[in-house]
Structures are given as structure tokens and as C-alpha cells.
Amino acid sequence: MSEFQSLRGFHDLLGEEFKRFKYVSELVRGKLKLYNFEEIVLPVVEYLEVFRRSIGEATDIVQKEMFAFQDRKGRWLALRPEGTAGAVRAYIQNRLYALKPYTKLFYEGPMFRYERPQAGRYRQFHQIGAEVFGSIDPLVDAEIIQIVYEILSELNAKVIIEINSIGCKVCRPPYKEALSTYLRTVAGHLCEVCIDRSDRNPLRVLDCKVPTCKEAVKEAPKMVDFLCNECREHYSKLKEYLTLLSIPYRENPHLVRGLDYYTKTVFEAVSEELDVALIAGGRYDYLVEEMGGPPTPAVGFAVGVERLSLLVREGLTEDPLYMLIPFGDVMDYALLVAKALRSEGKRVELSYKRAGLKKQLELANRLGAKYAVLVGEEERAGNFYTLKDMETGHQLKIELSPAM
RNA sequence: GAGAGCGUAGCUCAGCUGGCAGAGCAGUGGACUGUGGAUCCACGGGUCGCGGGUUCGACUCCCGUCGCUCUCCCCA
């Protein structure tokens, strides 16, 4: 055991794990570029208030999961627990609303939540998030879900996409009222936490996992039955588009999200095998305004890169490796051969191991080289190298170009 | 924040009801100084997570602590 260790929930990403991580990351990034999202790099630290205002004072994230601290001037700062808050702040601060009628952004990077680590959960983890600012059109919600679906399909992930609408400031208050009233009638069957939530945040009772709560909530009034005309229209249009695009989904009237800023569409892609959300998102039509910007509707999603990586078997396919094996006193020549091969775009490992040909071939084998490039006295004298196919064992003599 | 299990070589692990710390793989060297992907031989490597306690004696039992894994809560 080494003297120093990384912190709980903070880990080094390397080897096969890194390859799977990178594979997922590049898949998602590639997809977002196809949809013409523009990348931005956001700060990892913001004023605490940015998160408190956007995510919501009453949420678990804000109440107990943030890495918050004071800087030297006594200001309260926090490591970002998610990306949307910072993206919205950046959107407003840089006045992106003035440049185009709508804006499509994505970002990738570490997020921090002070929680107990477990399968697919870390204190520092990575998300790729995408946000569309400036359109209320359900077409946008549909495209966001389409991206999510395509990502998951390409990974062959066994996942269900669940959707719901949680209304807007017109229709949600009456619904909350109705739900609270109902919850009072079944209070005897609710867990302690839910009794507490019944008044303050009744929506959250809907996705409580305690069996008795689940049971008690089955007959509860549903948000979808309370949607105002605009929200109902939005929701049914979204479903039409999803059907048009052949995207399978399941309506889950009990789906709510842990963050306060959502309106209308919310969705989650839940892994069937792991029972965790891999990708989630939704619409947040008031957040930009609440954060001090002009009224601007928005939709977005975030993927947990480590979580998605759990489902990936393959890694990144790498270019074939050329293991350059010098034997004898031919290092000068070996350097030139390596230079020549690399200038042709080949991935070359020049063996640093001073040993006989046999040992170095063993090394080449262990490093998974596709080819061994043999360079000895004979090769140097004839200005060529010997290319050995490590699978078939066939060898060829290849002239070095005169330029070298 | 609450609960359970686990920390022994670089890795995977064995080590009995307390009694000299082990194996496989990896590494290094080598009859082979121009031919590998299971040839052979030899060698190195340990604060048994850390601290305390019990004991003649602790890898083993007890307490604490740190870390890992998992569950609950919650979430990506």
C-alpha cells in the first residue's frame, strides 16, 4: 500500500477502463457533432449560488451532495455537481441569446457529488451534456431523445427510455395541490420521508422506491391528466415525433426528476441490468430567466460516461502496432527507420529493451504488435528493414526510401 | 448519512481451532548474440492497509481508523 492514496470516490482512469471510457466519450461526441452541437468548455468551479438557484434549494444535490467551500476571500464556491447550471450561466453571461435565434451547446468534463461511491457512481465522475436554448418546439425534445436513443443503440445497451411531462407553471400548481390532497388520504401507508415530502415536494413521492409508497401512489392523480392545453399539445406532439422516428419509449407517469428546474418533458434511459439511469434530461423553460437572462426555453440531457462505459465490452480499435526491434549495435539506424515509418503514419514502438532478438520478439508479442520491424547489422548494411507479420510469421525485406 | 462484506508479493488469490508468510501469473537474469505467440533453469520481491489491545507468541482474536466493493437514500 502506497503512502498516498486518492480520495474516496476519486479514481485514476487507466488501462482497459480508460479505453472503454474513451470509446463512449468519442461515440457521444461524434453523435453530437452530427447534430451540429457546438462544444464549450465550462469552469469546474462556480459560485455556490449558481447551483443553489438553478438546481433548487430543496434538492438532495444542493442539501447534501455538493463539494462547497470558501475561498480566501470568504466567498462560497462549489465544484459543479452537474453541467446545466454552468451552461445556463455561460449562455447568459456571454449573451449567446443575441447571436442566433437558438443555440446548441455541448460540454464534457468532470462533475462532483459528495456521495457514497458504489457501482457506476463516483464522487468525481464525467458527464457529457447537451443543451438547446431558445426553442419551445417539441421537435427539439424529440431530437434530443433521438440522440440518446441512437447512442444507446450503437452500444447495444439494454435500456428503456421513459418519458413523462411534468407540466408548466400554469398546470403544475393545481396538480401539486391535488396530489398533496390525495397523499394526505394515504399518509398511513407512506414512509417517513414521503410524509415529509407530501406538502413541500409531493412530486418526489411518486418515484419513492419504498414498496408501500409505490403501492399507495398507484391510484394517485397523474400529471398527464392535469396538463394545460399547451403542455398536453407539446407532449402529444413529442410522442408523435418519437413514433415517426421509430424510437421505442415507455410513458411513466411517475417519472419526476431530482432537480427543480424541469418543465414539460422529462426523460430517463434506465439500464435494465444495472437499474440505474444512464442518460437523463428534460426541458427547463424558466431557468434562463430565473438566472437573470431573457425568457428562453431550453431542453437538454446529460450522460454519465462511466456508467455508459459499464455496458461497453469493446475498447477503442487502435492502429496496428509496429514494434521496432533493434539488435546489435544499430541504434542510429533504428532511430532513422522509426522516423521513416512514423512519417508514413504508422504507430511505432521503438523497443527500449536492450536484449537479443528472441526476448524482444517476446516483448513485441506481449505488447500486441501486429508487425515486428527487425533492424540488425544486415539491414543497416543493405539500407532496408525486415517486416515480420506477428500472426503469420511471414517476413519481407523492405527498402528504406532513398530520402532517408 | 445508515447497513453488510473485504484489505496478504506488481496482479489473482491460498494460509485450518493463534506457532518459521506461500502458489500461479507478471518481472529480472540465463546453456540460445538473427526469430516470438504455454521449452527449460535460476533469481528478486512482503510494514500481511494503518494504529492500539489481548497473548509467551497475532496474517489469524478484539477495538479504532483509512481504503475498496455492495445495499439503502439519491442520482449520471
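Reminder, nothing fancy here: chain letters follow the sequence lines and each chain counts from 1. Remember, it's a predicted structure, so these values are computed and weren't measured experimentally.
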> If pairing requires Watson-Crick or G-U wobble contacts with both distances under 3.5 Å, which nucleotide is the partner of B:rU35?
Replying inline: none
> Testing A:F10, A:F51, A:W76 for ring-ring contact (aromatic ring centres under 6.0 Å, His included) with A:F67, which one passes?
Replying inline: A:F10
> Quick one: which of B:rG3, B:rG67, B:rA76 gets closest to the side chain of A:R116?
Replying inline: B:rG3
> What is the nucleic acid contact for A:E82, judged by heavy atoms within less than 4.0 Å: base, sugar-phosphate only, or nothing?
Replying inline: nothing
>> A:E46 and salt bridge (Lys or Arg N to Asp or Glu O under 4.0 Å): which single residue from A:R53, A:R52, A:R89 fits?
In response: A:R89
> Are any non-hydrogen side-chain atoms of A:L32 and A:R29 less than 4.5 angstrom apart?
Replying inline: no
> How many Å lie between CG on A:L7 and C1' on B:rU65, as a whole number?
Replying inline: 16 Å
>> When you measure from the side-chain N and O atoms of A:K353 to the phosphate of B:rU28, is any distance below 4.0 Å, counting only OP1 and OP2?
In response: yes
> Just to confirm, is there a sub-4.0 Å distance from OP1 or OP2 of B:rG1 to any side-chain nitrogen or oxygen of A:K64?
Replying inline: no
> Is any side-chain nitrogen or oxygen of A:Q118 closer than 4.0 Å to OP1 or OP2 of B:rU71?
Replying inline: yes
> Which nucleotide sits closest to the side chain of A:E65: B:rC74, B:rG34, B:rG30?
Replying inline: B:rC74
> Under 4.0 Å between a side-chain N/O of A:R204 and OP1 or OP2 of B:rC74, yes or no?
Replying inline: yes
> Using a distance-only test with no angle check, is there a side-chain donor-acceptor pair under 3.5 angstrom linking A:Y284 and A:E131?
Replying inline: yes
> Using the C1' atom in both, what is the distance from B:rC16 to B:rG22, to the nearest Å?
Replying inline: 15 Å
> A:G120 or A:E362: which one's nearest nucleotide on RNA chain B is closer to the 5' end?
Replying inline: A:E362
> Out of B:rA76, B:rU39, B:rG34, which nucleotide sits closest to the side chain of A:A280?
Replying inline: B:rA76
> Want to settle it: does A:E268 or A:R366 sit nearer the 5' end of RNA chain B, counting the closest nucleotide to each?
Replying inline: A:R366
>> Which nucleotide wins on minimum distance to the side chain of A:R307, given the candidates B:rA76, B:rG1, B:rC68?
In response: B:rA76
> Picking from B:rG34, B:rG36, B:rG67, which would you name as closest to the side chain of A:L357?
Replying inline: B:rG34
